[in-house]
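Okay, so here's the structure we're looking at.
Only a predicted model underlies this, so the values are computations on that prediction, with no experimental measurement involved. One is the number of the first residue; the rest follow in order along the sequence.
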Amino acid sequence: PSNHMDRCELKVVFFPALASPRDRPQLVRHTVAVPKSGTAKRLQMTLARQLPSSSVLLAEVYRSRIHRYLEPNLPLSDVRADD
């Protein structure tokens, strides 16, 4: 069996922590391939290898506001592609 069938690509936006309130965040968009059967923790670990940050916090954003933070054990199948 081919591995590409059991993977999904998620588009994420990285908001770096700001050193000062006057700093403007530089948003960085990433596309990450992770197993469809994976969890938010797996996505978090994959992103941590690509980002210049020691910690990554995942959140679901709705109407420009944080709707919820993703628990590490949340299955990625529960995250909609447009979230």
Side-chain angles (χ1 to χ4, degrees):
S2 175
N3 283 342
H4 77 282
M5 296 302 286
D6 63 353
R7 298 182 77 72
C8 63
E9 286 191 350
L10 297 173
K11 293 180 169 102
V12 296
V13 178
F14 174 64
F15 294 85
L18 302 177
S20 147
R22 288 179 275 154
D23 290 343
R24 297 193 69 179
Q26 295 297 315
L27 308 181
V28 181
R29 297 180 192 282
H30 290 274
T31 300
V32 182
V34 291
K36 287 181 183 177
S37 61
T39 62
K41 180 67 174 176
R42 176 72 182 255
L43 174 59
Q44 193 174 23
M45 292 181 341
T46 302
L47 283 170
R49 288 193 299 267
Q50 297 181 17
L51 300 173
S53 177
S54 60
S55 63
V56 174
L57 179 65
L58 299 175
E60 181 178 51
V61 177
Y62 178 72
R63 293 189 174 193
S64 301
R65 295 178 188 248
I66 294 175
H67 176 65
R68 67 176 171 157
Y69 292 101
L70 302 184
E71 296 292 328
N73 60 348
L74 178 75
L76 293 177
S77 59
D78 289 356
V79 178
R80 295 185 337 217
D82 58 345
D83 281 350

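T39 pairs by the side chain to side chain contact (heavy atoms under 4.5 Å, CB included) definition with K41, R42, not counting sequence neighbours. Checked against side chain to side chain contact (heavy atoms under 4.5 Å, CB included), V32 has the following partners two or more places apart in sequence or in another chain: V12, H30, V34, L43, T46, L47, Q50.
M45 and F14 fall into different hydrophobic clusters, where Ile, Leu, Val, Met, Phe, Trp and Tyr side chains are chained together by heavy-atom contacts under 4.5 Å.
With a 4.5 Å cut-off between side-chain heavy atoms of Ile, Leu, Val, Met, Phe, Trp and Tyr, the cluster of L57 takes in I66, Y69.
Taken from CG in L74 to CD in Q44, the straight-line distance is 11.5 Å, to the nearest 0.5 Å.
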